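Accompanying notes for the structure given below.
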2 protein chains.
Amino acid sequence: MTESTAAQRRQPRSRPETLAKRRDILDAAVEIFGSKGFAGGTLQEIADQVGMTHAGILHHFGSKDQLLLEVLSHRDETDVADLEEQHIPGGIALFRHLVRTAFVNAHRAGIVQAYVVLSAESVTDDHPGRVFFQKRYETLRGEVARAFEVVCAERGVAAPETIELASASILAVMDGLQVQWLLDPDAVDLGRASEFAIEAIVDSVLSPSTSPLA
Amino acid sequence: MTESTAAQRRQPRSRPETLAKRRDILDAAVEIFGSKGFAGGTLQEIADQVGMTHAGILHHFGSKDQLLLEVLSHRDETDVADLEEQHIPGGIALFRHLVRTAFVNAHRAGIVQAYVVLSAESVTDDHPGRVFFQKRYETLRGEVARAFEVVCAERGVAAPETIELASASILAVMDGLQVQWLLDPDAVDLGRASEFAIEAIVDSVLSPSTSPLA
DNA sequence: GTTAACTTACTATCGAGTAAGTAAGTAATG
DNA sequence: CATTACTTACTTACTCGATAGTAAGTTAAC
């Protein structure tokens, strides 16, 4: 009866406003999941914020899990500070970029909170965001490691094996500082602390420390 | 009729086994909240693990929130690696202690996960554990800062203002590395990375870096 | 006139907390 | 030491309120 290759002939063609509406929903979801967590946040709250019913949201995204996954990838796109989507600065510029990101993030508590809460929550059993964060960290560690290699090459230094440790550490400080900063913004200077720590770690890779703890 | 100061004459005296039972419940709660989060974990699951009904647990702890609070303080007591309860090593010994803690933690994924999940979740709105973690980080930053001051004094170095940044950073790397390690244990060496980062930061406080990013 | 973009209304389930009851322990008293 | 008086430590059974997902109907765009 129908064409066997129906998909080819017809692409359902969604309405132009739909895309904007999806963005609104995703933005609301970032805020709700960020402030309540994924398990704690509800479709109802998200729906309220965009003036819709929760069923309307399910119409667009199918399920709560699916919504989270799209929130996570959407965040990467809109996140000005994100590395993956932009043209990646190489070498030392990457580290400067990370520091700048930390300073920028100090004015975007909402998104920072979403990221902190969801990444930590993702380590729980069967969390729908787990794979996303696994891949994300793997990618980011790779970017940072590459930057280290470039910098070492530039300075004629043999790239030490500490690069892997340092790459993970740099991402770790940034994340860890965000937690402390969210809990008590006055007690921690997110930008300056990130800058300090990143410099310390980069420095330590370039000129291996004298092992002060030995 | 009855004695007016009844409370004075009799202290209800709970049964001796009760204390052990409470410990069991707390241990189960650490495991459940650690693997599912606080919002995601249920009293039923905890009850199942200790062979009880969820009402039995409420009998002991009153509410789920209260249970979490007791889990958090209980954890500090049983956590071999914790600083507050033990006699705190001063100066450089503290940093060595932190490194050792990281190596030990690499064999205790369960507790690490509980800590990671709950601390991050605590930044969400009205989370019952929020105050606990605020105080905890404040205390820990203080301990680390004091260690830095001692070390600086020992070496006749004027204590720089970077101490506060460094203190927050050291705790931050440790936490952040735990997240990455939990997501992908093979990709991150929790002990060695913590050691590397802590050394780098301590080193940077003692001999201020040459600002490689400037 | 067909389909996208919803809404309303419903279902099924689950979760924390409560109420009431029961068995066993503990303690004061004669 | 035994009896009475009370408490602890639960269980069973319930309430009440969410919540994710579904189904069917409505409107308006293309």
Side-chain angles (χ1 to χ4, degrees), chain A residues 1-3 6-26 28-29 32-33 36-71 125-129, chain B residues 1-3 5-26 28-29 32-33 35-71 125-129:
Chain A
M1 307 291 178
T2 59
E3 297 291 303
Q8 164 216 8
R9 193 186 42 156
R10 291 226 262 87
Q11 29 176 339
R13 182 142 320 271
S14 67
R15 252 109 99 178
E17 297 170 7
T18 298
L19 204 125
K21 202 77 201 190
R22 280 176 63 96
R23 282 193 114 74
D24 286 353
I25 295 172
L26 288 170
I32 296 298
F33 289 154
K36 311 270 184 132
F38 174 68
T42 71
L43 295 180
Q44 185 62 56
E45 292 168 301
I46 296 166
D48 286 350
Q49 213 161 63
V50 295
M52 222 189 241
T53 62
H54 88 279
I57 289 177
L58 287 171
H59 167 73
H60 283 289
F61 295 93
S63 73
K64 192 187 181 189
D65 279 20
Q66 188 55 37
L67 174 59
L68 175 67
L69 294 180
E70 300 214 26
V71 161
D125 298 353
D126 302 324
H127 194 282
Chain B
M1 308 286 179
T2 59
E3 297 291 304
T5 52
Q8 164 215 6
R9 195 181 38 148
R10 290 227 265 89
Q11 31 175 342
R13 180 143 320 272
S14 69
R15 252 106 101 178
E17 298 169 5
T18 298
L19 204 125
K21 201 78 201 187
R22 279 176 63 97
R23 281 194 115 74
D24 286 352
I25 295 172
L26 288 170
I32 296 298
F33 288 155
S35 62
K36 311 271 185 134
F38 174 69
T42 71
L43 295 180
Q44 185 62 56
E45 292 169 302
I46 296 167
D48 286 349
Q49 213 160 62
V50 295
M52 222 188 242
T53 63
H54 88 279
I57 289 177
L58 287 171
H59 166 72
H60 284 289
F61 295 94
S63 73
K64 193 187 181 188
D65 280 20
Q66 188 57 35
L67 174 59
L68 176 66
L69 294 180
E70 300 213 27
V71 161
D125 299 353
D126 302 323
H127 194 281

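Sequence lines set the chain letters: A, B, ... in the order given, protein chains first and strands last, and positions in each chain run from 1. Since the model is a prediction, treat every value here as computed from it, not as a measurement. Just so you know, these numbers use all the heavy atoms, side chains as well, and skip hydrogens, waters and symmetry mates.
Atom NE2 of A:His59 is separated from atom P of C:dT3 by 14 Å (rounded to the nearest Å). When the P atom of D:dG21 is taken as reference, atom CG of A:Leu68 falls 12 Å away, rounded to whole Å. A:Ile32 has its CD1 atom 12 Å from the P atom of D:dA20, to the nearest Å. Rounded to an integer number of Å, the gap from CG of A:Asp65 to C1' of D:dT19 is 14 Å. The distance between atom CD of B:Gln66 and atom P of C:dG17, rounded to the nearest whole Å, is 11 Å. Rounded to whole angstrom, the span from the CD atom of A:Glu45 across to the P atom of D:dT19 amounts to 7 Å. Per the geometry, CD1 belonging to B:Ile46 stands 12 Å off C1' belonging to C:dA16, to the nearest Å. As rounded to whole Å, 5 Å separates atom P of D:dA20 from atom NZ of A:Lys64.
Between C:dA16, C:dC6, D:dC10, one nucleotide has an atom nearer to the side chain of B:Lys21 than all others, and that is D:dC10. Of the listed nucleotides (C:dA16, D:dT22, D:dC10), C:dA16 has the atom at the smallest distance from the side chain of B:Thr42. With C:dA19, C:dC6, D:dG21 as the candidates, the nucleotide lying closest to the side chain of B:Ala55 is C:dA19. The B:Leu58 side chain lies nearest to C:dG17 when the options are C:dG15, C:dG17, C:dT8.
Crowding of B:Lys64 atom NZ: a count of heavy atoms from other residues, nucleotides or ligands under 6.0 Å exceeding 12.
Taken to the nearest 0.5 Å, the OG1 atom of A:Thr42 stands 7.0 Å off from the CD1 atom of A:Ile32.
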(request) Dump the intermediate steps for side chain to side chain contact (heavy atoms under 4.5 Å, CB included) on A:Asp65 and A:Phe38, then the final yes or no. (result) CA-CA 9 Å; A:Asp65 279 20; A:Phe38 174 68; 3.4 Å; yes
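At a threshold of 4.0 angstrom between heavy atoms, the contacts of A:His54 include nucleobase atoms, whether or not backbone atoms are also involved. Nucleic acid contact class of A:Thr53 (heavy atoms, under 4.0 Å, all strands): base. Within 4.0 Å (heavy atoms only), B:Gly62 reaches no atom of the nucleic acid at all.
Pairing each heavy atom of A:Met52 with each of A:Lys21, the nearest pair is CE-CE, 3.5 Å.
For the residue pair B:Gln66/B:Ser63, the side-chain donor-acceptor check at 3.5 Å is not satisfied.
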